[in-house]
Amino acid sequence: MEAKLALEKAYDPKPVEAKWLERWGKAAAGASRPVGERSKRFALVLPPPNVTGALHLGHALNDTLQDVLVRWRRMRGEEACWVPGTDHGGIATQNVMEKQLKAEGMTRRQMGREAFLERTRGWAGDCKATILGQLRRLGCALDWEREAFTMDEPRARAVFAAFKALWEDGLIYRGERMVNWCVRCGTALSDIEVEHEPRRGCLWHIRYGTLVVATTRPETLLGDTAVAVSPEDSRYAALVGRRVPLPLTGREIPVIADAHVDASFGSGAVKVTPAHDPNDFEIWRRHPEIGAPLQVIGPDGRIAAAGGAYAGLSREKAREKIVADLEAQGLLVKTEDYQNAVGVCYRCAQVIEPLLSWQWFVRMGELAAPALEAVESGRFALHPSSWAKPYAEWLRNIRDWCVSRQIWWGHRIPVWYCAACNKITPQTDFGQLADAKVVVAQSRPASCQSCGGADFVQDPDVLDTWFSSALWPMSVFGWPQKTAELAFYYPTQVLVTGYEILYLWVARMQMMGLRFMGEAPFKDAVIHGIVRDKSGKKMSKSLGNVVDPLAMMDKYGTDALRFSLMAQAHPGRDIPFSEDSITGSRNFVNKLWNSTRFVLMNLPESVERPYVLEDLDASRLELADRWILSEQQRASQAAGEALERYDVAAAADALYGFLWDEFCDWYVELAKIRLQGADGPDKEAARTILVSVLSRTLKLLHPFMPYVTEELFAALKPYSGESAELLLRSLAPRPDTARRDPEARAAMGRLMEAVTALRSLRAQLNVPPGLRLRVVASSLEGLPQPQREYLRALARVDSLEEGPRPDKSATAVAAAASFFVPLEGVIDFAQEAARLRRELEKARLELAKIAQKVDNPGFRARAPRSEVELALSQRSAADERVERLSRTLALLS
RNA sequence: GGGCCGUUAGCUCAGCGGUAGAGCGCCUGCUUUACACGCAGGAUGCCGGGGGUUCGAAUCCCUCACGGCCCACCA
């Protein structure tokens with residue numbers, strides 16, 4: 001038998017966390033093998049953090065949420081597999097690197113592609129190590145051997161396989177389209193990588209000969225190839241087909257009629273710039289006769305050569321100059337203030353320039369249809385379900401996905417161009433290279449099938465980082481190979497993530513999984529909120545309100561951080577984070593610590609037989625025992641049901657209330673009666689209940705606060721008879737509904753009310769806390785043993801007997817009885833009368849409410865019988881309380 | 001222009017058809033031999049406004065107001 005461990009008075013997280021971190025690591029506690037019943041697996045993939053820096057509180061929320069689910073399922077005997085990994089992070093990571101270079105006075109172009117990639121790989125490696133270390137520290141029981149990276153070798157195979165398959169199925173194509181171009185990042189973006197933010201601007205009314213057009217972007221005027229009016233607009237009907245002069249240049253452009261134009265907006269006439277506006281591009285497609293689009297803004301955001309006198313100016317400068325020139329020439333009719341939503345890059349917040357260029361696209365219609373079917377049929381469910389509608393709506397209106405990025409950090413597009421056939425030179429701009437002949441291959445093709453040449457150039461672009469992310473739930477298990485892992489773990493059970501990447505990531509995983517595996521990659525998606533600051537603002541570096549999870553862990557302990565996040569993780573809701581809430585959780589951890597400390601203090605140095613509930617003779621259980629077992633069952637069931645529906649906060653709340661309000665505040669206090677009494681079977685029974693209830697509580701709380709529970713579980717082990725090496729790997733007790741004991745609950749309820757009534761009386765009459773009272777009860781029928789003993793202990797009662805109300809006594813009215821406390825000389829009877837009047841007032845109010853309900857004939861006739869009965873009994877209780885209070889009050893005066 | 005979410009105690013939020021809850025804060029006591037990161041007691045609510053359904057509404061429906069978010073090519 002191990003020597004009993006002495007616990008410190010207050011929990012000190014640091015040494016405990018270090019200890020278990022090491023032990024879990026050594027034991028590979030999160031490891032999983034694809035063995036056993038497939039139906040009992042519980043697999044999920046960690047949303048891989050970008051290798052752009054360290055983890056923030058949002059990660060802590062996301063990761064803890066998953067860890068709670070994983071640990072809980074594992075303790076239910078499921079084969080839990082949680083796959084860790086990191087994401088190369090495409091533009092985001094490249095931007096971090098470019099900032100670093102800029103600080104060193106360098107650009108990536110100066111550095112060269114290979115050197116830049118080499119340096120980024122180094123950075124990514126460092127970042128990965130940091131992130132994985134932080135995940136460990138957070139307590140995440142991941143399956144570390146499965147760690148993956150979106151750009152490692154196996155994932156590269158998956159990316160190629162997916163690209164090739166989609167290409168062969170005609171779902172990937174190269175096309176010239178209007179794309180969202182980020183002038184700063186120097187790349188095209190997909191539609192959902194553009195964020196819209198309201199910007200204050202102007203609506204300039206400009207004279208085009210006899211017509212006036214209104215625009216928010218005068219700098220694109222140089223690229224106008226037409227003016228469009230509504231076909232219904234009688235004002236301009238005569239002008240359609242005529243030509244008007246383009247201001248500043250004098251170039252003549254046609255007036256056309258197009259249904260897109262809203263006659264009631266602005267002047268009713270729109271300048272058409274097909275090269276720089278998606279709508280105008282569409283107009284050109286409907287009216288090809290106006291001639292090819294004229295690109296006047298280049299990929300660098302400056303006016304191109306076609307812009308004549310304005311060439312070389314930035315978009316912003318060009319706008320200023322053009323407006324000034326128009327004004328000077330009297331062509332500016334008026335300027336209105338106007339607010340519109342401008343598209344900005346989701347990575348660098350620069351204004352997006354719509355640009356015509358050749359890019360790679362994934363045709364989405366065929367991919368989206370099964371995903372839409374999955375969500376509509378409920379085979380794929382979002383939690384909370386309110387996300388299903390916007391999600392389905394997005395799929396319904398899906399547009400082709402631009403997957404090529406003109407950056408360096410990412411999976412190189414596996415496409416090769418024969419230099420000869422396509423006339424490619426080192427100066428070729430692939431964005432302008434039309435109708436290329438290409439070969440899709442992972443490595444350089446040997447020879448060209450048309451010309452036999454061997455000079456191949458790989459497409460310089462890389463794939464959207466979300467392309468590899470979309471394959472994640474398959475690629476981490478070895479897809480496209482048919483591995484045992486893939487067969488066993490796919491599909492995973494659940495994906496936990498934030499709503500900001502619902503379309504970027506979740507929807508695309510669904511589509512790819514359904515396409516390549518024929519089955520959705522996960523059945524449930526838990527969509528949690530964002531961690532905000534105390535006042536509800538989004539945390540951001542620029543606001544300086546970012547809370548570092550590591551600092552919180554250092555200050556309060558990891559378990560406290562975890563619990564505080566979990567206690568607030570109501571499904572789908574944002575979390576306003578403040579240190580106050582973490583303090584509360586720290587206190588709760590300490591409460592658990594001290595309750596275990598108390599139990600251990602009351603156990604012998606060594607035991608021959610552990611305190612196992614099942615070994616205890618049921619006849620030894622007294623009221624408090626039956627009650628706490630029943631309450632634990634209730635709490636455990638509530639927590640289980642909550643976790644089942646991914647309501648982690650509700651689970652945390654149920655367990656918090658059980659431990660603190662029921663176990664500590666009542667059971668432990670009542671157990672003291674037997675613990676302080678003589679040695680014997682009663683004391684042993686109390687010890688058994690304490691040890692087993694506490695041990696089960698540790699199991700229930702373990703998913704939320706793994707470190708402290710693991711430590712306490714170990715300390716309790718000599719007494720609990722638990723054989724598991726690690727709590728993490730132990731099994732939680734099975735639900736035992738037989739422990740539910742409504743009678744014990746009712747009896748304890750009466751006792752608790754009586755205790756509270758007496759305590760309240762003591763407090764309000766300023767009875768010294770140490771003073772033990774003599775109490776006379778109107779009747780003791782409602783309080784058989786051991787309740788009387790409980791009452792004596794908890795309300796500090798010296799003697800308790802039955803009898804009529806003694807003179808000069810104060811009265812506490814409870815359902816079980818009225819308690820008279822003779823307090824001559826101690827109390828002021830006017831004060832007592834006032835107190836009773838307040839009580840009576842409250843009791844009458846309560847009675848009135850219930851009476852109103854019961855006296856309603858409709859209620860008696862239509863409410864369910866059980867409700868009516870309940871209300872009737874409530875009324876008689878309220879009635880009696882009023883009766884007894886008024887009688888006592890009458891005696892006083 | 002669509003859609004979603006929210007509006008409950010001073011603060012942050014639960015509850016979502018049967019007499020209003022928690023944590024924090026506040027007030028009063030307390031070295032009661034696990035815990036002051038604690039214990040006991042207490043105060044505090046037109047459950048955003050209006051209408052409807054129901055025997056009964058914080059809870060369901062409609063509507064308005066005010067916040068917040070997502071989607072959307074009105075220049």
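Being a predicted model, the structure only gives us computed values, none of them experimental. We name chains A, B, ... by the order of the sequence lines, and we start the count at 1 in each one.
Checking B/U54, B/C37, B/C24 against every side-chain atom of A/R862, the shortest atom distance belongs to B/U54. Distances were taken from every side-chain heavy atom of A/A341 (C-beta onward) to each of B/G41, B/U19, B/A72; the shortest belongs to B/A72. Picking from B/G18, B/C69, B/G41 the nucleotide with the shortest atom distance to the side chain of A/Y499 gives B/C69. In the set B/G3, B/G42, B/C37, the nucleotide with an atom closest to the side chain of A/S760 is B/G42. Listed nucleotides: B/A36, B/C55, B/G41. Nearest to the side chain of A/P864: B/C55. The side chain of A/N594 approaches B/C35 more closely than any other nucleotide in the set B/A75, B/C37, B/C35. The side chain of A/Q874 lies closest to B/U19, out of B/A75, B/U19, B/C24. Nearest to the side chain of A/T756, among B/G41, B/C74, B/C55, sits B/G41. Closest to the A/D665 side chain, of the nucleotides B/A34, B/A40, B/G3, is B/A40. Taking every side-chain heavy atom of A/F859 into account, B/G18 is the closest of B/G18, B/U19, B/C73.
Applying the 4.0 Å criterion to OP1 and OP2 of B/C73, one finds that A/W284 has every side-chain N and O outside that range. Using a 4.0 Å cut-off, no side-chain N or O of A/K271 falls inside it from OP1 or OP2 of B/C74. Distances shown here put every side-chain N or O of A/K389 at or beyond 4.0 Å from the OP1 or OP2 atom of B/G3.
Annotation: cation-pi pair A/K591/A/F663 absent, no NZ/CZ under 6.0 Å from the ring centroid and within 45° of its normal.
Atom C1' of B/U32 sits at a distance of 12 Å from the matching atom of B/G38, rounded to the whole Å. B/C69 sits 42 Å from B/U28 when the P atoms are compared, rounded to a whole Å. One C1' atom belongs to B/G10, the other to B/G68, and the distance between them is 23 Å to the nearest Å. The separation of B/G23 from B/C66, taken at their C1' atoms, amounts to 27 Å, rounded to a whole angstrom. Rounded to whole Å, the separation between the C1' atoms of B/G1 and B/C74 comes to 9 Å. For the C1' atoms, the distance from B/A20 to B/A43 is 16 Å, rounded to whole Å. On the P atoms, B/G56 is 24 Å away from B/C46, given to the nearest whole Å. Here the separation of B/U7 from B/C47, taken at their C1' atoms, is 10 Å to the nearest Å.
Toward the 5′ end of RNA chain B lies the nearest nucleotide of A/K9, the other residue of the pair A/K9 and A/Q764 mapping further downstream. Both A/C664 and A/R759 sit near RNA chain B, but only A/C664 has its closest nucleotide nearer the 5' end.
Taking atom NZ of residue A/K534 and atom P of nucleotide B/U12, one finds them 10 Å apart after rounding to whole Å. Protein atom CG of A/N397 is 9 Å distant from nucleotide atom C1' of B/A72, rounded to whole Å. Taking atom CG of residue A/D224 and atom C1' of nucleotide B/A75, one finds them 11 Å apart after rounding to whole Å. A/D580 has its CG atom 15 Å from the P atom of B/C37, to the nearest Å. Separating the CD1 atom of A/I527 from the P atom of B/C70 is a distance of 15 Å, rounded to the nearest angstrom. Summarising the geometry, the separation between CZ on A/R835 and P on B/U28 is reported as 20 Å, rounded to the nearest angstrom. As a whole-Å value, the separation of A/L670 CG from B/A40 P is 12 Å. Summarising the geometry, the separation between CG on A/L600 and C1' on B/C35 is reported as 14 Å, rounded to the nearest angstrom.
Counting any heavy atom pair closer than 4.0 Å across all strands shown, A/R772 reaches no nucleic acid atom. Backbone-only engagement by A/N856 is indicated by non-hydrogen atom pairs under 4.0 Å involving sugar-phosphate atoms exclusively. Using a 4.0 Å heavy-atom cutoff across all strands shown, A/P384 reaches no nucleic acid atom at all. Base engagement by A/V261 is indicated by at least one non-hydrogen atom pair under 4.0 Å involving a base atom. Within the nucleic acid shown, A/T596 has no heavy atom closer than 4.0 Å to any nucleic acid atom. Contacts of A/H570 with the nucleic acid, taken as non-hydrogen atoms under 4.0 Å apart, involve only primed sugar atoms and P, OP1 or OP2. At a threshold of 4.0 angstrom between heavy atoms, the contacts of A/E579 with the nucleic acid are absent. Among the heavy atoms of the strands lying under 4.0 Å from A/R586 is at least one base atom, whether or not backbone atoms are also near. Residue A/T216 is classed as a sugar-phosphate contact, given heavy-atom separations below 4.0 Å to backbone atoms only. Residue contacts shown for A/P769 are limited to sugar-phosphate atoms, with no base heavy atom under 4.0 Å away. Using a 4.0 Å heavy-atom distance criterion, A/Y338 is classed as a sugar-phosphate-only contact. Contact annotation for A/K537: no contact, since no heavy-atom pair falls under 4.0 Å across all strands. Heavy atoms of A/A861 sit nowhere under 4.0 angstrom from any nucleic acid atom. Nucleic acid contact for A/V668: base, since at least one base atom lies under 4.0 Å from a heavy atom of the residue.
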In a table with atom names and distances, give each donor-acceptor pair under 3.5 Å that connects a side chain of residues 849-866 of chain A to protein atoms at least two apart or in another chain.
| from | atom 1 | to | atom 2 | distance (Å) |
| --- | --- | --- | --- | --- |
| A/D855 | OD1 | A/R875 | NH1 | 3.0 |
| A/N856 | OD1 | A/G858 | N | 2.9 |
| A/R865 | NE | A/E869 | OE2 | 3.3 |

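The partner of B/C24 is B/G10, by the rule that a Watson-Crick or G-U pair needs both atom distances under 3.5 Å. Pair assignment for B/C39 gives B/G29, based on Watson-Crick or G-U wobble hydrogen-bonding distances that are each under 3.5 Å. Base pairing of B/C60: its partner is B/G52, meeting the Watson-Crick or G-U wobble criterion (both donor-acceptor distances under 3.5 Å). Here B/G67 sits opposite B/C5 as a Watson-Crick or G-U wobble pair (both hydrogen-bonding atom distances under 3.5 Å).
When all heavy atoms of A/V229 and A/A269 are compared, the closest pair comes out as CG1-CB, 4.0 Å.
A donor-acceptor contact under 3.5 Å is formed by the side chain of A/K591 with the base of B/C35.
Residues A/R674 and A/E789 are not paired through a salt bridge, judged by the lack of any N-O separation under 4.0 Å between the basic side chain and the carboxylate. Under a 4.0 Å N-O distance rule, the pair A/E841/A/R844 does not qualify as a salt bridge. Salt bridge annotation for A/E839-A/R881: present, with a cationic side-chain nitrogen under 4.0 angstrom from a carboxylate oxygen.
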Could you go through the side chain to side chain contact (heavy atoms under 4.5 Å, CB included) check for A/W284 and A/V272 one step at a time?
CA-CA 8 Å; A/W284 167 61; A/V272 180; 5.6 Å; no
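Among A/H276, A/R315, A/R319, the single residue meeting the side-chain hydrogen bond (donor to acceptor under 3.5 Å, both in side chains) criterion with A/E219 is A/R319.
No side-chain N or O of A/Y346 forms a donor-acceptor pair with one of A/E195 less than 3.5 Å apart.
Remark: the backbone N or O of A/T756 is not paired with any side-chain donor or acceptor of A/S760 at under 3.5 angstrom.
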